[in-house]
Amino acid sequence: MWRTVVGRAGAMCEASGTGRRVAALLLAAALANASRAVAAAVIEGTVTLPENVVAPAPKPRYPVAATYVIGPPDPPAAIVYVEGTFPRARPAAPADVGQRGYQFSPGLLAIRTGTTVRFPNLDDEYHSVFSYSRPKRFDLGRYHKDETPAELVFDQPGVVKLFCEIHDHMRGTILVLDTPHFVKTDFRGRYRLEGLPAGTVTVKAWIDDDTLLERTVVLPDGAVVRVDFAPE
């Protein structure tokens, strides 16, 4: 009887030791996968932006608007993004394109397909927002800062140009992309795209309606790759 008990205890200890070894191996594998997931690639660089961009001259459509003070438009910028097929992501948080200082703010916005955009009026005068662009045709009508316009879901990729019916100098652009990997450059054209999967990817730089540059890039796991864009 004593030998039987001792034998069973030894077997239990051996099984427990095996279990601990298996658990340790599983933990090591999980840590290795986690470290591999963290070692995502990065693309950074500079986009040569256009110089001497001339904004449309203000032409007040109504006499009551003749005295408004127009703020400066946003400086030129570009959108850099990685093209490809990516897993479906959770819906992005809503984005805002306001009207501030009689300009669209921001003047250039990049969003992922399916994102909701709000258009708050931050001025003391009526504005309207409309677009005839194929990816999203709409007209929000005229509304004051105390009114809340409709929120719109941008469900088709492409370039959406924004206008104000009251202040025809106002221009804005929404770039709708089928990728989670995009970033807007700063006013010097600098950008940094993080969290990219390793492999061969196509990187594009949208500068304006007439200028879309692209490069094919090989991304080693965890590497930082520099890609500069300059129109010819």
Side-chain angles (χ1 to χ4, degrees), residues 47 49-81 91-178 182-191 205-212:
V47 180
L49 301 175
E51 299 179 358
N52 302 322
V53 177
V54 179
K59 297 179 180 179
R61 191 180 297 275
Y62 304 102
V64 295
T67 58
Y68 57 69
V69 177
I70 300 175
D74 288 352
I79 304 297
V80 181
Y81 61 96
D96 286 352
V97 176
Q99 299 98 59
R100 184 194 301 272
Y102 301 92
Q103 303 285 2
F104 285 109
S105 179
L108 173 61
L109 174 71
I111 58 174
R112 189 172 189 182
T113 306
T115 300
T116 298
V117 179
R118 302 171 295 207
F119 298 89
N121 182 353
L122 305 175
D123 287 328
D124 291 325
E125 189 180 329
Y126 280 91
H127 282 296
S128 75
V129 182
F130 71 93
S131 177
Y132 294 140
S133 300
R134 182 173 297 178
K136 192 71 175 180
R137 291 187 172 97
F138 65 91
D139 188 346
L140 300 183
R142 303 178 187 179
Y143 56 96
H144 200 259
K145 67 187 304 182
D146 297 327
E147 301 175 272
T148 302
E151 298 178 354
L152 301 177
V153 177
F154 288 74
D155 51 7
Q156 296 296 324
V159 179
V160 180
K161 309 299 290 187
L162 305 176
F163 303 92
C164 175
E165 183 269 335
I166 303 173
H167 311 100
D168 58 3
H169 70 276
M170 292 176 61
R171 301 286 190 274
T173 302
I174 298 177
L175 184 60
V176 188
L177 300 168
D178 265 338
F182 58 85
V183 67
K184 182 178 177 179
T185 68
D186 65 13
F187 70 97
R188 295 179 179 175
R190 298 174 300 190
Y191 75 92
W206 187 94
I207 299 176
D208 55 39
D209 290 342
D210 300 319
T211 312
L212 178 63

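Positions are given from 1 along the sequence.
- Arg171 contributes a side-chain N or O that, together with a main-chain N or O of Asp168, makes up a donor-acceptor pair within less than 3.5 Å.
- Using a 4.5 Å heavy-atom threshold, the side chains of His127 and Lys145 count as separate.
- Note that CG of Leu109 is 10.0 Å distant from OG1 of Thr173, once rounded to the nearest 0.5 Å.
- Nearest heavy atoms, Ala92 versus Thr115: CB-OG1, 3.5 Å.
- Ile166 places a side-chain heavy atom less than 4.5 Å from the side chain of Arg142.
- Taking the side chain as every heavy atom from C-beta outward, Lys136 and Ser131 never approach each other to under 4.5 Å.
- Side-chain atoms of Glu125 and His167 include a donor-acceptor pair closer than 3.5 Å.
- Among pairs with a residue in residues 94-117, those fulfilling salt bridge (Lys or Arg N to Asp or Glu O under 4.0 Å) read Asp96-Arg118, at least two apart in sequence or across chains.
- In terms of modelled atom types and a separation under 3.5 Å, the side chain of Asp123 and the main chain of Tyr102 share a donor-acceptor contact.
- For the side-chain contact (heavy atoms from CB on, under 4.5 Å) with Ile207, the qualifying choice from Val47, Val80, Thr185 is Val47, the only one to do so.
- If you run ring-ring contact (aromatic ring centres under 6.0 Å, His included) between Phe119 and each of Tyr143, Phe104, Phe138, only Phe138 comes through.
- Distance check: Leu49 CG to Phe187 CZ gives 10.5 Å after rounding to the nearest 0.5 Å.
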Side-chain donor-acceptor contacts of residues 151-159 below 3.5 Å, not counting sequence neighbours, with atom names and distances?
none

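- With hydrogens and angles ignored, the 3.5 Å screen pairs a side-chain donor or acceptor of Thr113 with a backbone N or O of Leu177.
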**Request:** Given side chain to side chain contact (heavy atoms under 4.5 Å, CB included), test Asn121 with Glu147 step by step and report yes or no.
**Result:** CA-CA 8 Å; Asn121 182 353; Glu147 301 175 272; over 6 Å; no
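- In this structure the side chain of Gln103 never reaches within 4.5 angstrom of the side chain of Asp74, judged on heavy atoms.
- Atom-to-atom distance recorded for Ile174:CD1 and Ile79:CD1 is 11.5 Å, nearest 0.5 angstrom.
- Two residues are said to be in side-chain contact when any heavy atoms from C-beta on lie closer than 4.5 Å; Leu140 and Pro149 meet this criterion.
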**Request:** Quick one: do Asp209 and Lys161 satisfy side chain to side chain contact (heavy atoms under 4.5 Å, CB included)? Show the steps, please.
**Result:** CA-CA 10 Å; Asp209 290 342; Lys161 309 299 290 187; 3.6 Å; yes
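- Rounding to the nearest 0.5 Å gives a distance of 10.5 Å between OH of Tyr132 and CZ of Arg137.
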